[in-house]
Number of protein chains: 2
Amino acid sequence: MNAARAADHLGDVVLRPVRGHHAFEGCVEQLATAIRLGVYPHGAPLPTERDLAERMGVSRATLREAIAALRMADMVETKRGRGGGTVVSFRPEAPSTDGSPGLAGRTEHLLDSLTFRRVVEPGACHIAASRTLSAAEKMVLTTALTEVDQAPDEAAHRQADSRLHLAIASVTGSPMTIASVTEVQACLHDLLQAIPVLQVNIEHSTRQHRAIIQAILGGEPTRARRAMEQHCDDTAALLRGLLG
Amino acid sequence: MNAARAADHLGDVVLRPVRGHHAFEGCVEQLATAIRLGVYPHGAPLPTERDLAERMGVSRATLREAIAALRMADMVETKRGRGGGTVVSFRPEAPSTDGSPGLAGRTEHLLDSLTFRRVVEPGACHIAASRTLSAAEKMVLTTALTEVDQAPDEAAHRQADSRLHLAIASVTGSPMTIASVTEVQACLHDLLQAIPVLQVNIEHSTRQHRAIIQAILGGEPTRARRAMEQHCDDTAALLRGLLG
DNA sequence: CGGTAAAGGTCTAAGGTCATGCCATTGACA
DNA sequence: TGTCAATGGCATGACCTTAGACCTTTACCG
């Protein structure tokens, strides 16, 4: 029966885990990622527990366990009382110059991320450039861009880069697009951190960033997408080498 | 402090619910969607409970509750004993010709889906056309295409259309891409079902499908993407009208 | 100096979810 | 025709998560 064969093929491919892990682990992972990507930079306060819990769709008890885990890992510090809260104490480390530590076993997933990135980020640029952006949105982009340029060291540069890509996604106004870019950046962070960063690479990447933002601000979808494609392809080439 | 403001903006946008609902509901939704999309067409057997539970990452107890719900909704039938199992008894209904029933309140999410679709599906086409496809993969595409052409009625046509789009995603070989397309198709299914289907539309859409598949099989990424863009834009135009 | 507001800290009862093992039914195959 | 294996059906105990109320600490402000 043909129906059965078709079902086998697509079913294998369409059904996905309904949720990979417990709520607690999910919270830890999401918050840790946000911190490592620099969504919450060193010294920035996290939202209040009640706020976070609501936004992440989780009970406050569970969220608190997650924060406790982050505290245990020295990523955040918590103060009580009015004006208290949880602030980020994590400082990004300089990219390691030796090989690729602890990436084994995830190779397949990481390659998938590269492919998916090639789909999502150029598409996001296209959308972003097609919209008429508010002044605030333009500001978000230019700010993110200059922060990448002015990053004092490699570690800060890496975070600023993630933030720039997230900023681009955010001006699409599309939550699903934003979620995808977040996921991709999270997957790629470790990899990107493992590349030996050459000055040449940074300059090249800076030129590309500028071209991308310029095209988005100028409302040129095709150029924006092409620029982002080039950017993705260039880093992917480096990264694929790293993965053997 | 600048860091704090940046954190506010991106944090608002990056943090997402760790899981929207209970495992049980997630299973029901995912299975029901797969059935309505035609991943498992009328008469096709679902995988065994143990198999499904493992693939969806839930316990068999939970999965069984989900199947019980589907049975209650007359979407599947279950037989015991060797050679038994659960088979799809759901028959797709013809698209309703009256307005848009029960779409209210989800407008925002549906519009988001249209945007995201515009990002993902053309990107997937580009990737698919860039790869060298195996004979089996080519067969999957051509089969899906002819099934759309030969669909006996509107309802079958709708399902075959979904399957074609999923088939394209599946030949990217990228699980993340597949997941995104699945999500998009699931969101759009109700909408697409609510459009009055004109013969003109079907013929137009058939031509586009042919062009897309041809470009993918011919290894022409840019043409494949452009064709899919056109396809997305055309249906999106219809659908946006529907949503007011 | 005292009050108030805003944050984190704690507790409890109820229900959801899981892993696991065993039972019941039925068709296939020897 | 009898046995067996594949499948759905069921029960138990441990663990996780939730919702909500309440407590404690602390800064600000009159």
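Quick note: numbers below take in every heavy atom, side chains included, and nothing from hydrogens, waters or symmetry partners. Bear in mind that the values here come from a model prediction, so they are computed numbers and not experimental data. So that the names make sense, note that chain A is the first sequence line, chain B the second, and so on, each numbered from 1.
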Trainee: What I want to check is whether the side chains of B/H209 and B/D161 have a donor and an acceptor closer together than 3.5 Å.
Mentor: yes

Trainee: May I have the distance from B/L52 (atom CG) to D/dG8 (atom P), rounded to whole angstrom?
Mentor: 9 Å

Trainee: Just the rounded figure in Å: distance from P of C/dA28 to NZ of B/K79.
Mentor: 9 Å

Trainee: I need the CE-P distance between B/M56 and C/dT17, as an integer number of Å.
Mentor: 13 Å

Trainee: Rounded to the nearest Å, what distance is computed from the CG atom of residue B/D51 to the P atom of nucleotide D/dT7?
Mentor: 9 Å

Trainee: For B/R82 and D/dA6, give me the distance from atom CZ to atom C1', rounded to whole Å.
Mentor: 6 Å

Trainee: Without decimals, in angstroms, what is the distance between A/E49 CD and C/dT10 P?
Mentor: 10 Å

Trainee: Examine the base of D/dG9 for any acceptor or donor lying under 3.5 Å from a partner atom in the side chain of B/R60, and report the outcome as yes or no.
Mentor: yes

Trainee: So A/G83, base contact, sugar-phosphate only, or nothing? Heavy-atom distance under 4.0 Å.
Mentor: nothing

Trainee: Round to a whole Å and report the spacing from CD of A/E25 to C1' of D/dC15.
Mentor: 13 Å

Trainee: Got a donor-acceptor contact below 3.5 angstrom from the A/R163 side chain to the A/G38 backbone?
Mentor: yes

Trainee: Please report the distance, rounded to the nearest Å, between CZ in B/R64 and C1' in C/dT17.
Mentor: 15 Å

